[in-house]
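See structure below.
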Protein chains: 2
Amino acid sequence: MQPGVALTLRGIAADFGVSMTPAREAVRRLSAEGALQVSKSGRVTTPEPNNERLEELAALRALLEPELASRALPRAHNVLIDRMENINDQIDQMILQNDAAAYVRLNQDFHRSLYLRAQAPAMLAMVETVWLQSGPTMRRLYGQKQQQFASINHRKILAALRAGDEPGLRLAIREDVINGLRLLGS
Amino acid sequence: MQPGVALTLRGIAADFGVSMTPAREAVRRLSAEGALQVSKSGRVTTPEPNNERLEELAALRALLEPELASRALPRAHNVLIDRMENINDQIDQMILQNDAAAYVRLNQDFHRSLYLRAQAPAMLAMVETVWLQSGPTMRRLYGQKQQQFASINHRKILAALRAGDEPGLRLAIREDVINGLRLLGS
DNA sequence: CATGGTTGTTTGTGATCACATTTTTACGTC
DNA sequence: GACGTAAAAATGTGATCACAAACAACCATG
């Protein structure tokens, strides 16, 4: 969804073929998570990302995701790492096929499949909230030259996982996040 | 509000003298923030805190709050520090008066007044979400012997702020958080 | 042509209702 | 007395409606 778009409850309801009530609840939830902005008059829009906001979201990811990865590391067996490698291969394909939506989705799947092992639901929920907030700008990320770095960073993550290298894992995750979001702001 | 309480939409609506609709929206928002649990059948309860959850919330605070404090430090002038000292004096009074609700509220005011200076709304919103999730258990915290540490930790925070000591500030915040929540879990 | 006010439309909010599902209660059987 | 079952009450969900506020379009006036 493009940033800066105005939503109306009746419009959303009509789009999904439901009444206003479910649309209202969905909007309420998304705005509570920061994925949507509500003006004082109740109008709903997708937030327009500025550089400060992007830097903040990147900092949040850089704080939370290494911690989640570190907690997941003791429980990351080879089966999981293989699956992550598989996801990464699919990411490479999506980059070649120029499929932005699938790229973003697979990228999150890659990270989430690791973080799920951290046994930290509240922390994971918080990271997913940040992902949701940075979602619209992730679409812009695609098409930039940085996307090819993602695969390289992911390989570093996988290597650190296989080696059981906790500091290396934290660093690789951090680099992946920084490359993904913070560079976009400048 | 006690942990483990069951809420009904009609009950909430009746308590506040409104219809079901506003109650539903409030519940939706609070559950999106993790402050309320919804079962698969839609029943709403306040989450029962277990040790894993407490440890997680403490870890989140320990990650986020030092960062917020560090960002606020360059903008923390004497006027702000004086106000925080004032809040801390009120906290001491509330401890003497055994007013649990006021104690928790003032404690959050103390931290929030500093973090507001960080100019990081998304990060602050995330911390407030954690506070909200740990709110019910904070009530239990009161009455334990740890509460008296809060004032000592807060004094360390104030001293680090006045000295412009960034590492000391991070450490003091971290200690305050750890003492406040993590000790409660064990 | 710019501008301010007026009217008409759109939009969010709160309320009420019907319905399906779940939960609780009551009862009868073993 | 315990347990399973059926009836009854309660609950969440989605829909629809009235209403007030906000917005947009329009027109008259300078």
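Every chain is numbered from 1, with letters handed out A, B, ... down the list of sequences.
Where DNA chain C meets chain A (any atom under 4.0 Å from a heavy atom), the bounding nucleotides read 5' to 3' are C:dT11 to C:dG14.
Nearest heavy-atom pair, A:P74 versus A:H77, reported as atom, atom and distance to 0.1 Å: O-CE1, 4.3 Å. Residues A:L80 and A:S113 share a closest heavy-atom pair of CD1-O, 3.4 Å.
When side chains are defined from C-beta on, A:Q97 does not count as touching A:Y103, because their heavy atoms never get closer than 4.5 Å. At least one side-chain heavy atom of A:I157 sits under 4.5 Å from a side-chain heavy atom of A:L161. Considering only heavy atoms from C-beta on, A:L60 stays 4.5 Å or farther from A:T129 through its side chain. You'll find the side chain of B:R29 stays beyond 4.5 Å of the side chain of B:E25, heavy atoms only. The closest side-chain heavy-atom distance from B:N107 to B:W131 is not below 4.5 Å. Between B:Y115 and B:L64 the shortest side-chain heavy-atom distance does not fall below 4.5 Å.
Within a heavy-atom distance below 4.0 Å of DNA chain C, the residues of residues 37-45 of chain B found are B:S41, B:R43. Listed in residue order, the members of residues 21-36 of chain A having a heavy atom less than 4.0 Å from DNA chain C are A:R24, A:R28. Residues from residues 8-19 of chain B with heavy atoms under 4.0 angstrom of DNA chain C, sorted by number: B:V18, B:S19.
Here B:E85 pairs with B:R162 under the side chain to side chain donor-acceptor pair (under 3.5 Å) rule; sequence neighbours left out.
Note on B:R170 versus B:E67: salt bridge recorded, some NZ/NE/NH1/NH2 to OD/OE distance being below 4.0 Å.
The list of salt bridge (charged side-chain N to carboxylate O under 4.0 Å, His left out) pairs with a residue in residues 101-128 of chain A, not counting sequence neighbours, reads A:D109-A:R112, A:R112-A:E128.
Between A:H111 and A:H154, the ring-plane angle classifies as perpendicular under the 30° and 60° cut-offs.
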